[in-house]
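Everything on this sheet refers to the single structure shown next.
Quick note: residue numbers are just sequence positions, from 1. It should be emphasised that the depicted structure is a prediction, and the values quoted were computed from it without experimental measurement.
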Amino acid sequence: MKNKILVSLNFILLIGCTTKSQDLSSIDFNKDAETYLSGLSFSSKTEQKGHYEAVVNGEDASLKLVDKGELAANYVFMGEKNTAQLNYGGIPINDVMGTAISVYDNKIAFMRVNVKNDQSIALLDVLKKKLGNPTEIVKSENNPFDATDKSQKLLLDKLPNETKKVKDDLDDDYITYPEHFIWNKNDIIYQLTFSPTGDYVSSQLVVISKKAFKDKIIMGYHAPNKDPVLAKYLTLN
């Protein structure tokens, strides 16, 4: 009887210590957001009423929220405690840069995901497996080539078809690399951005619904028709 009591107590303690884990790659953007967010701890949550509009006053520009009945909620996950609950296709989240998630019309409409710095190529592989080949790859401008730069070497080794070393008119070496990978999937746009930074290739994945983009709900994506990379996808299925 004593052993049964101990087993029951251990089971209760185990349940109490178990935290929810959420694979962000498995999110269905047509389902209620609470399906995925319930039980997760977060660094902050802000309620948002309205959409963003730019205010230009001479040389100064700012953003303001204009309330036309839009309701959104913005979650930030930073620090080891909060990011440890999350992964993207099994890839751990960078606990310093973290993840941001926005809910609009009770559905997840935006994610900004930063994985561990050494996992950028792995994240690209996960996205290709999930979404297929990118709809578009936007190359960087020419950057000075540095043979000691580990991030440049990684791109040349792992993505040889997209990364090229070239010479200019003065015979100086430059490198061009895939800066943005874009997938246009029905009502959702995925944008993976690579930033070679010396020792590693950092990355950021943005996933945004076209409705939230068009409705100017997300700061930083408040001028959809002027976005130099993503504007064209608002009218494509």
More than 12 heavy atoms from other groups under 6.0 Å of NZ on Lys81: no

Just by distance, do the side chain of [X] and the backbone of [Y] share a donor-acceptor pair under 3.5 Å?
X	Y	value
Glu179	Glu141	no
Tyr75	Thr99	no
Lys130	Ser25	yes
Gln152	Pro196	no
Asn106	Tyr104	no
Asn114	Gly98	yes
Ser140	Tyr177	yes
Lys68	His51	no

Under 30°, 30 to 60°, or over 60°: which ring-plane class applies to Tyr221 and Phe110, parallel, tilted or perpendicular?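 Tilted, since the angle between the ring planes falls between 30° and 60°.
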
Taking the side chain as C-beta and beyond, is there a heavy-atom pair between [X] and [Y] under 4.5 Å?
X	Y	result
Ile121	Leu159	yes
Ile101	Ile108	yes
Phe29	Lys31	no
Ile175	Asp149	no
Ser151	Tyr200	no
Asp199	Asn117	no
Trp183	Leu192	yes
Leu86	Phe77	yes

Can you run down the side-chain hydrogen bond (donor to acceptor under 3.5 Å, both in side chains) pairs that involve residues 156-168, sequence neighbours left out, and say none if there aren't any?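 Every side-chain hydrogen bond (donor to acceptor under 3.5 Å, both in side chains) pair that includes a residue of residues 156-168, provided the two are not neighbours, is Lys153-Asp157, Lys167-Asp173.
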
Let me confirm one number: the [atom1]-[atom2] distance from [X] to [Y], rounded to the nearest 0.5 Å.
X	Y	atom1	atom2	answer
Tyr52	Ile218	OH	CD1	8.0 Å
Ile91	Leu124	CD1	CG	9.5 Å
Lys116	Met97	NZ	CE	13.0 Å
His222	Asp227	NE2	CG	10.0 Å

Looking at [X] and [Y], what are the two nearest heavy atoms and their distance?
X	Y	value
Leu65	Gln48	CD2-NE2, 3.8 Å
Phe213	Leu234	CD2-CD2, 3.3 Å
Ser120	Ser202	OG-C, 3.5 Å
Asn30	Lys107	O-CE, 3.3 Å
Ile137	Pro178	CG2-CB, 3.7 Å
Ile217	Ala72	CG2-CB, 3.9 Å

In terms of hydrophobic clusters joined by side-chain contacts under 4.5 Å, are [X] and [Y] together?
X	Y	result
Tyr88	Ile189	no
Met111	Val76	no
Val138	Leu230	yes
Ile182	Val201	no
Leu156	Phe194	no

Kindly write out the residues that satisfy side chain to side chain donor-acceptor pair (under 3.5 Å) with Asn57, not counting sequence neighbours, or none if the list is empty.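 So Asn57 forms no side chain to side chain donor-acceptor pair (under 3.5 Å) with any residue.
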
Among Asp187, Asp215, Asn184, Asn186, which residue satisfies the side chain to side chain donor-acceptor pair (under 3.5 Å) criterion with Lys210? Asn184

